[in-house]
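For clarity, every value in this text was computed on a predicted model and none was experimentally measured. Throughout, numbering of the chain's residues begins at 1 and tracks the sequence.
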Amino acid sequence: MNHTFGYARVSTADQNTDTQIEALRKYGCDRIFQEKISGLSVQRPALDEMLSLLREGDTVVVSRFNRLGRSRDHLINLIGDFANRGIIFKALDLGIDSSTPSGKLVIGIFAALAEYDREMILEKTRAGQQLAKAKGKHIGRPSGVNQENFQKVKKALDKGLSVSEIVQLTGISISSVKRYRNAV
């Protein structure tokens, strides 16, 4: 038997989910999960519980499109995962229903726009890096070896200290200590 799950979330503790819950009840959800948690929070126990219960043919309903994911990309990924698992997604405020051709089109447009944004950000980042490089600015970790740190690591290794002991003693990063160790 297929189930219809509702999900409601508010972004601050002083807000309430009453209007969302009412819309989900009117829709006829079998079970409603609700959270009072920041949208950026990675910890979402109610969402995680709902996701663990979903099976092919089930439906996830939200009263407002932006309530499900903690970000646009997270939302698009969740909806994509639903599609792959045969789960229907509905957003009541926008009339989105992933079981209809128009709903699939809208979701596809959102996903394409998100991908476009990611590509534009990467393009701008690359252009900025090339411009900085053209102006003679170095991007990334300094090249070469810090001779002072290299000598500290070499001495510590000669005394039989472990990598973690060297990191604690010198304050040099673990990746640098390992790189210097390999160069010894």
Side-chain angles (χ1 to χ4, degrees), residues 7 9-15 35-48 51 60 62-85 87 89-91 93-98 101-158 161-184:
Y7 181 77
R9 175 183 60 82
V10 291
S11 51
T12 59
D14 62 333
Q15 293 177 325
E35 255 157 341
K36 291 187 178 189
I37 199 159
S38 162
L40 297 177
S41 175
V42 178
Q43 300 286 315
R44 291 262 193 95
L47 178 62
D48 293 341
L51 293 174
V60 172
V62 291
S63 68
R64 295 197 315 249
F65 184 70
N66 66 347
R67 295 293 84 195
L68 184 64
R70 60 180 178 266
S71 67
R72 182 203 56 207
D73 289 346
H74 182 236
L75 175 60
I76 296 297
N77 288 338
L78 282 171
I79 294 170
D81 183 52
F82 292 164
N84 291 337
R85 293 173 54 195
I87 296 163
F89 172 74
K90 296 184 181 192
D93 63 335
L94 300 179
I96 295 174
D97 180 343
S98 70
S102 61
K104 288 177 187 168
L105 173 66
V106 170
I107 290 169
I109 290 169
F110 283 142
L113 289 171
E115 181 63 25
Y116 174 77
D117 280 353
R118 283 189 290 275
E119 290 295 324
M120 291 306 295
I121 290 167
L122 282 173
E123 194 174 297
K124 286 177 187 176
T125 301
R126 284 188 207 109
Q129 288 171 337
Q130 288 173 349
L131 181 62
K133 196 172 187 179
K135 289 182 176 181
K137 292 186 179 172
H138 179 75
I139 305 292
R141 192 186 82 218
S143 58
V145 172
N146 178 320
Q147 284 301 319
E148 183 182 338
N149 287 350
F150 179 76
Q151 290 305 320
K152 287 179 186 176
V153 171
K154 188 174 183 313
K155 276 184 188 175
L157 287 169
D158 290 343
L161 286 140
S162 71
V163 170
S164 62
E165 290 170 327
I166 296 170
V167 169
Q168 283 184 326
L169 184 67
T170 64
I172 300 169
S173 73
I174 191 166
S175 59
S176 292
V177 171
K178 287 181 177 180
R179 193 165 31 92
Y180 296 154
R181 178 190 63 190
N182 293 338
V184 172

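- Other residues, nucleotides and ligands place more than 12 heavy atoms under 6.0 Å from the CD atom of Q147.
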Test I172 against V153 for side chain to side chain contact (heavy atoms under 4.5 Å, CB included), laying out the working first. CA-CA 9 Å; I172 300 169; V153 171; 3.9 Å; yes

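- Considering only heavy atoms from C-beta on, L113 stays 4.5 Å or farther from R72 through its side chain.
- Considering all non-hydrogen atoms of both residues, L68 and R44 come closest at O-NH1, 2.9 Å.
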Below 3.5 Å, can you tabulate the donor-acceptor pairs from side chains in residues 127-134 to any protein atom, sequence neighbours excluded?
none

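- With rounding to the nearest 0.5 Å, the separation of CD in E165 from OG in S162 is 3.5 Å.
- With hydrogens and angles ignored, the 3.5 Å screen pairs no side-chain donor or acceptor of D81 with any backbone N or O of N77.
- Closest approach of I96 and G103 over heavy atoms only: CG2-O, 4.3 Å.
- For L47 against L78, the heavy-atom pair with the smallest separation is CD2-CD1, 4.3 Å.
- Note that CG of N146 and CD of Q151 are 10.0 Å apart. Values are rounded to the nearest 0.5 Å.
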Check step by step if salt bridge (Lys or Arg N to Asp or Glu O under 4.0 Å) holds for R126 and E123. CA-CA 5 Å; R126 284 188 207 109; E123 194 174 297; over 6 Å; no

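- Nearest heavy atom pair, residue N66 against residue R9, reads O-NH2, 3.2 Å.
- When side chains are defined from C-beta on, L157 counts as touching I166, because their heavy atoms get closer than 4.5 Å.
- Side chains of L75 and F65 form a contact here, defined as non-hydrogen atoms less than 4.5 Å apart.
- S98 approaches I107 most closely through the heavy-atom pair CB-CD1, 3.6 Å.
- Residues S176 and R179 have side chains in contact (heavy-atom distance under 4.5 Å, counting atoms from C-beta outward).
- Between L169 atom CG and S164 atom OG the span is 11.0 Å, to the nearest 0.5 Å.
- Contact between Y7 and V62 at its shortest, heavy atoms only, is O-CG1, 3.6 Å.
- Taken to the nearest 0.5 Å, the OH atom of Y180 stands 10.0 Å off from the OG1 atom of T170.
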